[in-house]
Amino acid sequence: LTNHPSAFPFLRPVDVALDGCPTYYDVIKRPMDLATIKRNLDARMYQDPRAFENDIRLMLDNCYSFNPPGTLVYGLGQDLETAFENEWRKAGFTAIPDANLAVVSSEAVAAAAAAKEKEQEKEQEEKKKKKKQDEEKKRKSLAKPSAEPSKRAKKKQPDDAKNKQDESKNKQPEATSSSATASEAQHPVPRPPPPSQPTLMSAAWRALCNRVLLHLQAQPSALEFMAPVDPVRQGVPTYFDIVKRPMDMGTVRKQLDRSHYPDPRAFLDDLRLILTNCFLFNSPDTYVYSQGKTLQRVLETTWMCQTGTSLDHHPVECLFADVPLLDKPLERARSLLTKIKRDDNSWPFLKPVDP
């Protein structure tokens with residue numbers, strides 16, 4: 001569940017200041033999150049599977065109680081609940097387990113698997129029997145002599161003539177096609193050159209873009225832009241009438257992981273497209289518009305800290321390479337520092353703190 005794409009609002013306890021929900025603990029009296037469940041699980045505080053399931057369902061019930069239907073977090077809670085039900089069923093809990101059941105018995109799982117294998121074997125045997133019966137019927141039909149009256153043969157003569165005419169018609173285009181191929185052999189048509197392979201972003205730039213995207217996804221203001229817009233669930237039926245090129249951070253993450261960006265500029269263009277769509281659809285006095293403005297400022301500062309250039313400045317072809325030193329210990333220290341700077345968690349330490 002913690003690795004599910006819809007789990008990010010539930011990974012930690014709700015922070016009323018960072019998450020922008022000052023009345024949360026006035027509504028929710030028994031808060032719960034995946035980090036607390038993981039801590040309880042590691043401490044062996046769950047005596048049976050029912051206690052574990054109760055905490056998962058408490059977390060989802062809190063989500064449905066505080067967030068109205070149609071909001072993003074409400075929809076993510078529904079997705080996470082579906083994932084939990086599937087995983088719970090795969091673990092062998094088809095229903096709420098009894099209090100006396102502590103662990104799913106391996107014998108029951110093995111028995112279920114054996115029953116499935118037997119059913120599959122029966123189906124295969126039945127298919128083989130059907131095939132054999134069909135083959136026997138065909139052989140018997142071929143063995144019987146066909147004694148048809150002469151009248152039927154006479155009636156079939158016009159049909160045979162029609163079939164011959166159709167065959168003669170079909171042979172004409174074949175002849176023309178053969179002549180065309182012969183003419184092509186004498187005068188070959190020049191073929192277009194093969195398409196050039198797309199250029200790939202360098203490993204250094206890809207790591208930098210990954211750090212930028214991780215930092216943006218960790219911001220509370222990015223919550224509204226993590227997944228594609230669902231007009232029905234979010235109550236915006238005219239969204240795709242106004243926004244013709246939708247984009248979200250989940251899609252950017254997929255494109256970056258699959259190496260679909262040829263250069264950092266394409267990566268930046270998709271991030272800017274997210275913000276442009278936000279400002280195009282939402283009016284300036286709305287909550288989503290203000291969250292988009294906050295995320296835009298974070299993007300500008302993060303990009304400046306990571307590259308030393310503004311968003312409007314076109315990225316150079318390669319990142320700045322450190323000058324090698326002659327002294328081996330200093331050179332090792334420099335290489336170690338370079339690796340630390342490229343780490344995904346290094347972004348808060350790349351520049352001095354500005355109060």
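All heavy atoms count here, side chains included; hydrogens, waters and symmetry mates do not.
- Val288 and Val243 fall into different hydrophobic clusters, where Ile, Leu, Val, Met, Phe, Trp and Tyr side chains are chained together by heavy-atom contacts under 4.5 Å.
- A distance of 12.0 Å separates OG in Ser6 from CD in Glu81, rounded to the nearest 0.5 Å.
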Under the criterion side-chain contact (heavy atoms from CB on, under 4.5 Å), I'd like the reasoning laid out for Phe84 against Glu53: C-alpha separation, chi angles, the key distance, then a yes or no. CA-CA 9 Å; Phe84 170 71; Glu53 183 188 15; 3.8 Å; yes
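- Atom CG in Asp270 sits 12.0 Å away from atom CZ in Arg265 (nearest 0.5 Å).
- Leu208 and Leu214 fall into different hydrophobic clusters, where Ile, Leu, Val, Met, Phe, Trp and Tyr side chains are chained together by heavy-atom contacts under 4.5 Å.
- Considering all non-hydrogen atoms of both residues, Thr302 and Val298 come closest at OG1-O, 2.7 Å.
- Here the closest non-hydrogen pair linking Ala35 and Arg12 is CB-CA, 4.4 Å.
- How far CG of Leu58 is from CD1 of Ile37: 8.0 Å, rounded to the nearest 0.5 Å.
- The two residues Pro49 and Trp88 make their nearest non-hydrogen contact at O-CH2, 3.7 Å.
- Taking a 6.0 Å sphere around NZ of Lys128, one finds it holds 12 or fewer heavy atoms contributed by other residues, nucleotides or ligands.
- Sorted by first and then second residue, the ring pair (Phe, Tyr, Trp, His ring centres under 6.0 Å) pairs involving residues 209-247 (not counting sequence neighbours) are His215-Trp347, Tyr239-Phe281.
- Note that OG1 of Thr71 and CD of Glu224 are 8.5 Å apart. Values are rounded to the nearest 0.5 Å.
- The hydrophobic cluster containing Val232, built from Ile/Leu/Val/Met/Phe/Trp/Tyr side-chain heavy atoms closer than 4.5 Å, comprises no other residue.
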Notebook entry, point to check: Under the side-chain contact (heavy atoms from CB on, under 4.5 Å) criterion, do Val252 and Tyr261 qualify, and how do the steps go?
Noted result: CA-CA 9 Å; Val252 174; Tyr261 290 121; 3.7 Å; yes
In sequence, state the C-alpha distance, the side-chain angles, and the governing distance for Met59 and Leu80, and then conclude on side-chain contact (heavy atoms from CB on, under 4.5 Å). CA-CA 11 Å; Met59 178 187 68; Leu80 193 65; 3.9 Å; yes
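- Hydrophobic clustering (ILVMFWY, side-chain heavy atoms < 4.5 Å, transitive): Val236 and Leu72 are in distinct clusters.
- Under the 4.5 Å side-chain heavy-atom criterion for Ile, Leu, Val, Met, Phe, Trp and Tyr, Ile56 and Tyr64 are members of the same hydrophobic cluster.
- Counting side-chain heavy-atom gaps under 4.5 Å among Ile, Leu, Val, Met, Phe, Trp and Tyr, the cluster of Val14 also holds Val16, Tyr24, Tyr25, Val27, Ile28, Phe66.
- Proximity of a side-chain donor or acceptor of Ser290 to a complementary backbone N or O of Tyr287 within less than 3.5 Å is detected.
- Here the straight-line distance linking atom CG of Leu256 with atom CZ of Arg206 works out to 5.5 Å at 0.5 Å rounding.
- Remark: the Asn62 side chain and the Ser65 side chain contain no N/O donor-acceptor pair separated by less than 3.5 Å.
- Within the 4.5 Å cutoff, side-chain heavy atoms of Leu268 are placed close to those of Trp303.
- Rounding to the nearest 0.5 Å gives a distance of 7.0 Å between CZ of Arg50 and CG of Asn54.
- Here the side chains of Phe279 and Gln296 are in contact, with some heavy-atom distance below 4.5 Å.
- No donor-acceptor pair under 3.5 Å is formed between the side chain of Thr251 and the backbone N or O of Met247.
- Side-chain atoms of Tyr46 and Asp55, non-hydrogen and from C-beta on, do get closer than 4.5 Å to each other.
- Across all non-hydrogen atoms, the minimal contact from Tyr289 to Asn282 is CD1-O, 3.2 Å.
- Here the closest non-hydrogen pair linking Leu60 and Gly77 is CD2-O, 3.7 Å.
- Taking every heavy atom of both residues into account, Cys278 and Gly292 meet most closely at SG-CA, 4.1 Å.
- Using a 4.0 Å cut-off between charged nitrogen and carboxylate oxygen, Asp269 and Arg245 do not count as a salt-bridge pair.
- Counting heavy-atom neighbours within 6.0 Å of Lys127 NZ, excluding the residue itself, gives a total of 12 or less.
- Taking the charged nitrogens against the carboxylate oxygens, Asp42 and Lys38 do have a contact shorter than 4.0 Å, which makes a salt bridge.
- Ion pairing between a basic and an acidic side chain is recognised when a charged N comes within 4.0 Å of a carboxylate O; Asp257 and Arg253 show such pairing.
- By the 4.5 Å heavy-atom criterion applied to side chains, Val229 and Asn277 are not counted as neighbours.
- For the residue pair Asp33 and Thr36, a side-chain donor N or O sits within less than 3.5 Å of a side-chain acceptor on the partner.
- There is no path of hydrophobic side-chain contacts, each under 4.5 Å, that joins Phe267 to Met304.
- Side-chain atoms of Asp79 never come within 3.5 Å of backbone atoms of Thr82 as a donor-acceptor pair (strictly under, hydrogens ignored).
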